[in-house]
S.K.: 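Would you mind keeping the following structure in view while I ask a few things?
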Amino acid sequence: MKKKHLLIFFASSALITAVLFKGGNILGGGESGAPFYDISRMYEDSKSPWLDGFLGVYIPQAVANIPFLWIFSSLAGSGVSGVLLQAMFTFGSIFISLVSFYLFAKEVFGGYRDRAYLLSSFFYLFNFYSVMDIWNRFLLNFILFYSVLPLFLWLFLRFLRRERFIYLGLFLMSSFILSYAFSSPAHIVVLWAILLFITILEVRAFGQLLRKLLMFISSVVSWFVVNYWWVSQQLKFGVSESFGIIVAERFSGTGNSIGLASLSDALGKLENLYLLKHGIFYNETPSFVNNWPALYKHPILLLLEWVVLLMVLYWAIKRRKKIPVVLSLGLFLGGIFLAKGVASPFGEIFNFFFSKFTFIQFFRNPFEKLGIVAAIGISLMLGPAFLDTENIFRTQSRFLKRFVSIFLIAYVIFFLGYPFWSGLVFTGSRYPFNDPSQGYQVVVPDYYSKADEWLEAEAKDGRFITFPLGGEGIEYRWPKGYLGVEESQILFNNQSISNIITFPFYEQVSSSVQRLFSQHVDFFRVASLLNTQYILLRPDIDFRNSGMKDPAYMQKILSDRVDNVDSRLSFAHEFGPLKFYKYSDDVMLPKVYASNNLISAANSDLELYLMAGGENRDVMYQEPAPDQLEEYTEMYVLKNNSTFRLGGTYPTLTNAPHIFPYVSHTPSYRFYSLVLLKERLQRAFDQNVESRLNWDILILGKRLKEAENAAMQGDVNAARIALDLYEDQLLEVLAGIHSFSLSIKAPHEQVWNEGTMVVTFNSHLFILNELEDNDKINVNGYVTNLKARFLKKVSEEKIIPRYEPVVTDNFPLKDRIVYNFTVSSPGEYELFIPASIFFPKDFALDGQTWIQIDDTLEYRQIRVQDNKISFGNFRLDEGVHEISLNLSPLVNLVDSTGFELNANGQDATIILRVNKYSPYSQYLISFDYLINYGEGPRFLVSLNNDNIVEEDGNSVQQYHFSENLAPEDYFFGNKNYSIVIHPDLSSDEMELILKLSPWNNCRKIFFRQPSKCDNPVVSKPFERPSRVEITNFKLTPEYPKGLFALMTKEGVDRVLPEVNFEKISPTYYKVNVNEIYDPFILVFSELFDRGWKAYIGGRTIAEKNHFLVNSYANGWFIDGPEVALDIELRFEPHFALDKAFLVSLVTFGIVATVTVALLFRKKL
Amino acid sequence: MNIKLKYFIFFLCVLLIMLVSSYWTWLLLIVLTVALFRIPSAIIFTFALIATAIGAVLSIPSLNIAGHILRVGLILWIVGYVLNLIELLKVKSKNAKKV
């Protein structure tokens, strides 16, 4: 490489870095957060697969960052500031990207003037894919991978061509140091797939095939050994129980397939892919600074982009027999074909591999992960293509040649490079990213470091909970703003529950603590289980945009709790707006302790612990657990699996074509098998998983309709065949519904598409009841048995209840609420519902009431005690049970029930304040409305945390719910409207709004030019008043969703041993247990993982005695003759890492020694 | 093969495309055309370029048909690329035999 080119690259990298960091602040936000705020903490966190954050969590891929973060952490340790480090990283990434692509392009093509490779490398940096998916996205590992990929390709190609170890050595050394680039599995696949393609094309003669393939395989093997420390962690994690839990609970092929289909639809359009453009970013996202991505869709500039691409492709056709072109064109076309995902054409191929091989489902966003392949292909060709095009003009006119030359350079450097030179690449479409004075800049206020220091001094290994608590994202109101992932893990050294992330067990805990804290004064009982003595209040957030509770509301609750001695909470300290509260020492448990009082819970919901009345050192567990625990269990507590509301008539038939399609033939038809074949073929042609399931549900209804038709014709045999087929298909359909429920059901739904499912299976039950009444069909209880199996299966999917309602004069079917629950330990259970602000006061629940338990009726006394409404004790066997009762709401939560809306000259608005509100309840809203004249009303539900967005310079509230009740063409009478509202759980206030606008037909008159009516002068003359009467307005709370069952057994007094422990490191604890007289449970309050092992005298405690306790922690059942024990708790994957790292380090050392020796020999 | 038979098969394929609107049918048609008429990769590539150019122009005013034309273009690019590889392999094996 010429020095002047190196200088150009250096100067360009320096200039771009200077522009990006001109504010003098670190950059952050989005998915990457602000790692350079404290890179040393990032390094500390990456040193072990066990992250000492949250409640502790197993993150195996983190260890791939060790060498890279060690370098930056060392620099930070020697006093280099975070912003300088980040600038160095950015400069390095840009520089490496430019230089290595230059070398790679030169190696691939050769023979061209160096200017060609210069252009190629700048295009590689500035192309549309790089701008959006790499730099604007701002994920450090993606930036690093994009930058160093050409380096790896160049070194490997040199190794293949020159067959010298020195290049492989450099390749392996780079992969060791830059292993951070491979922390995404997709990157590993992309690298080796491209290298394999290069290897195949490098085979010049058939005899070379084996040799080249051996070189490829040896590279793979040596890369594996050099990177063994982190690859082995990922492989082990892949077969671990932790991963199994993630797959079982979180990973859904259906969800991924739906995600893939939707992303392919949005980003797989060829008109964008050919230009390497992110379809949404460049075409649909508004509100950028100067709306800069829209610049590139201006028709003239779009034409220019296409002309350049077509020119390159034309050039490629002309040189199609040259291997470098075959390689580059192959990468470009292959990249486009893969990046479009399941979009046409031939998306079926991608879909086939995606659905059959679940381990490749990290390609769920194919453009993001595979677009890089196309970017490399086109970048390689661009420089040579430009130079050859330039040469065509050389013979014709010097001016033309000069013009073309300048134009092509200007196109790449200035036109495509504009977002870099202007710094716009680090701005976004949302505030604060779209504020030019802020962009991605982050300034963390000083009070955070002070708070961190204080907390660490106060409680070195103590945990805290942060309120308000929300999801993964947050918007801080810091001096430069911040919008991105929640940052407590980098702001604080202590573990905390500060966001809700989908780590197994942590998610269940984090998603419930805010609700439990708000509802229970005695939350200290949960806090002690979680080992969280401190609560942090953070008012420095934008709660609306963060989807969190109003900090003022949380402040009020905290103040109330401090005033209430029963809460055991006191104010501790404040730093700027941050306030710390502390639970008293006497209610807190240590991180490691012993217990022998057990509560058996049906699931890992912490609320069960509170409902069971768990006290200090009571340990909650659920199956699977050691058999011996039964003896120590004093309480059994469970919550309902599902609830159903039945009213009026049940079951009801909805004879709609989407439930029961038209049936022309019954199974006695001669060609019935062809009918079934046609159905199968029609299904096979449908690629969309959701419409396929809807098809299956439709066909299921068709089977039932066939059975009904056959029964009406007296064709018993045909009806039986149809019913047999129905039962077979029912299982498949329910499996499909189950899979969809796991992945895409709405948060308030029990089952995917709940409304439709309830109506559909209600109708199925109706027909099954009809068939049951048909004596010819229901011989020997054939239909009765089928119906029982139907109810069992369908109720398991939470669609309809298992038992049909018993209806008497005293117990009519009105607001009948059914609670379905499962008992695993038979016995005498007390059934109760916790009191709430609505229950039981606002429901028609008398002292005595009829209750249906399974299929029998009982008349029961209701008792209100200890904040719960008890229905008494019931003897329950093992299995599924249902309890149902009529729960009609009595209260109307709004004062006004009738009013008029008159919109004359301006909008008319009525705001109804909700008198009593809890976000944890649902609400039924109903009213009648009569449109006298003009427009219909617009019904809005406003919550205090509704998002506010900027539209055309105005702040616009995005209402929680909005519906336009427009007038119909035919019916003009009084109409009823009703809806169930499921509030956002982070809201604290609700208002109902009815709006009416004046009638105006301006747009109808000027339908060819409706924009004319935007001018009030034009539209005003067309305006007429509107008038609507609203009557019977009612807002009632929905029935309580949770029913609990509690069984208490007489306890036996046992002596608890004395436990002392020492934390050696986050992955190693030494525990000393004395005065052991009875078996006990050793509780270790770190996130449950099978990687944690307990050793006594060097021997591990059997894994069958290691189980989940307190919803998230590790418990070991210890039953031995010793009076004193020394126990070691070790996180085994961490210790395996030490050995694996040694293997990698030794290999790296050998490779480095040989490579350096070869380099020196070459010089000498 | 008899030239009439070739045209007949070709006609059948066109008819099939009209009946079943699927890109697999387009692929079938293109592959059959290439096989029957021994069309070289250069021609296929040229058609691919033309289709891409037309699709590009129509995509500027966001016409829906642009997407379809670009898709057919991509099929042509893929077929052309594979054909080009086959041609390269043939040349390579001929050279190997000569040696």
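Basis for what follows: all heavy atoms, side chains included, without hydrogens, waters or symmetry-related copies. This structure is a prediction, so every number in the text was calculated from the model and none was measured. Residue numbering restarts at 1 for every chain, and letters A, B, ... go by the order of the sequence lines.
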S.K.: Quick one: do His278(A) and Phe128(A) satisfy ring-ring contact (aromatic ring centres under 6.0 Å, His included)? Show the steps, please.
M.R.: CA-CA 8 Å; His278(A) 188 284; Phe128(A) 293 120; over 10 Å; no
S.K.: For Lys318(A), is there an ion pair with Asp388(A) - N to carboxylate O distance below 4.0 angstrom?
M.R.: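 Here Asp388(A) does not pair with Lys318(A) in a salt bridge, since their nearest N and O are not under 4.0 Å apart.
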S.K.: Heavy-atom distance under 4.5 Å to chain B: side chain of Glu305(A), backbone, both or neither?
M.R.: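 It is neither, since no heavy atom gets under 4.5 Å.
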S.K.: How about Phe354(A) and Phe363(A): are their ring centres within less than 6.0 Å of each other?
M.R.: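 Ring centroids of Phe354(A) and Phe363(A) are no less than 6.0 Å from each other.
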S.K.: Please output the residues of residues 374-386 of chain A in contact with chain B, using a heavy-atom cutoff of under 4.5 Å, in numerical order.
M.R.: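 At a heavy-atom separation under 4.5 Å, chain B is reached by no residue of residues 374-386 of chain A.
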S.K.: Of the non-hydrogen atoms in Ile194(A) and Val373(A), which two are nearest, and what is the gap between them?
M.R.: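 So the minimum-distance heavy-atom pair works out to CD1-CG2, 4.3 Å.
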S.K.: Checking an interface table here. Which of residues 61-71 of chain B come within a heavy-atom distance under 4.5 Å of chain A?
M.R.: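 Under the 4.5 Å heavy-atom cut-off, Gly67(B), Leu70(B), Arg71(B) qualify.
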S.K.: Which residue out of Val57(B), Thr46(B), Leu27(B) racks up the most heavy-atom pairs below 4.5 Å with chain A?
M.R.: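 Of Val57(B), Thr46(B), Leu27(B), Leu27(B) has the most heavy-atom pairs under 4.5 Å with chain A.
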S.K.: Under a 3.5 Å cutoff, is there a donor and acceptor pairing between the side chains of Trp24(B) and Glu348(A)?
M.R.: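 Short answer, yes.
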S.K.: Tell me which pairs pass ring-ring contact (aromatic ring centres under 6.0 Å, His included) where either residue lies in residues 317-338 of chain A, with sequence neighbours left out.
M.R.: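 The answer is none; no pair qualifies.
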S.K.: Would one find more than 12 heavy atoms of other residues, nucleotides or ligands at under 6.0 Å from atom CZ of Phe47(B)?
M.R.: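 No, CZ of Phe47(B) has 12 or fewer neighbouring heavy atoms, counting only those of other groups under 6.0 Å.
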S.K.: Using only non-hydrogen atoms and a strict under-4.5 angstrom cutoff, which residues of residues 265-275 of chain A touch chain B?
M.R.: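 Residues Leu270(A), Glu271(A), Tyr274(A) are the ones that qualify, each having a heavy atom under 4.5 Å from chain B.
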S.K.: Please look at Leu58(B) and chain A and tell me whether the side chain, the backbone, both or neither of the residue comes under 4.5 angstrom of a heavy atom of that chain.
M.R.: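 Neither part, no heavy atoms under 4.5 Å.
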S.K.: CG of Leu681(A): more than 12 outside heavy atoms within 6.0 angstrom?
M.R.: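 Correct, the count exceeds 12.
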S.K.: Between Phe415(A) and Tyr296(A), does the ring centroid distance fall short of 6.0 Å?
M.R.: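 Yes - the distance between ring centres of Phe415(A) and Tyr296(A) falls below the 6.0 Å cut-off.
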S.K.: Do Pro366(A) and Lys340(A) come within less than 4.5 Å of each other through their side chains, counting heavy atoms only?
M.R.: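 When only atoms from C-beta onward are counted, Lys340(A) and Pro366(A) do not touch, as no gap falls below 4.5 Å.
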S.K.: Between Trp292(A) and Phe281(A), is the ring centroid distance below 6.0 Å?
M.R.: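 Centroid distance Trp292(A)-Phe281(A): below 6.0 Å, so yes.
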S.K.: Would you indicate whether Lys212(A), at its atom NZ, is surrounded by more than 12 heavy atoms from other residues, nucleotides or ligands within a distance under 6.0 Å?
M.R.: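 Above 12, so yes.
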S.K.: Among Gly73(B), Gly55(B), Ala42(B), single out the residue with the greatest number of heavy-atom pairs under 4.5 Å to chain A.
M.R.: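 If we count pairs closer than 4.5 Å to chain A, Ala42(B) comes out on top.
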S.K.: Please classify the contact between Phe45(B) and chain A as side chain, backbone, both or neither, with a heavy-atom cut-off of under 4.5 Å.
M.R.: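 Both the backbone and the side chain of Phe45(B) come within 4.5 Å of chain A.
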S.K.: For residues Trp77(B) and Thr52(B), is any side-chain donor paired with an opposing acceptor at under 3.5 Å?
M.R.: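 A pair is found: one side chain offers a donor N or O, the other an acceptor, under 3.5 Å apart.
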S.K.: With the threshold set at 4.0 Å, does a side-chain nitrogen-carboxylate oxygen contact exist between Glu202(A) and Arg211(A)?
M.R.: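 A salt bridge is absent here (no side-chain N lies under 4.0 Å from a carboxylate O).
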S.K.: Does the ring centre of Phe352(A) sit less than 6.0 Å away from the ring centre of Phe346(A)?
M.R.: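 Not under 6.0 Å, so no.
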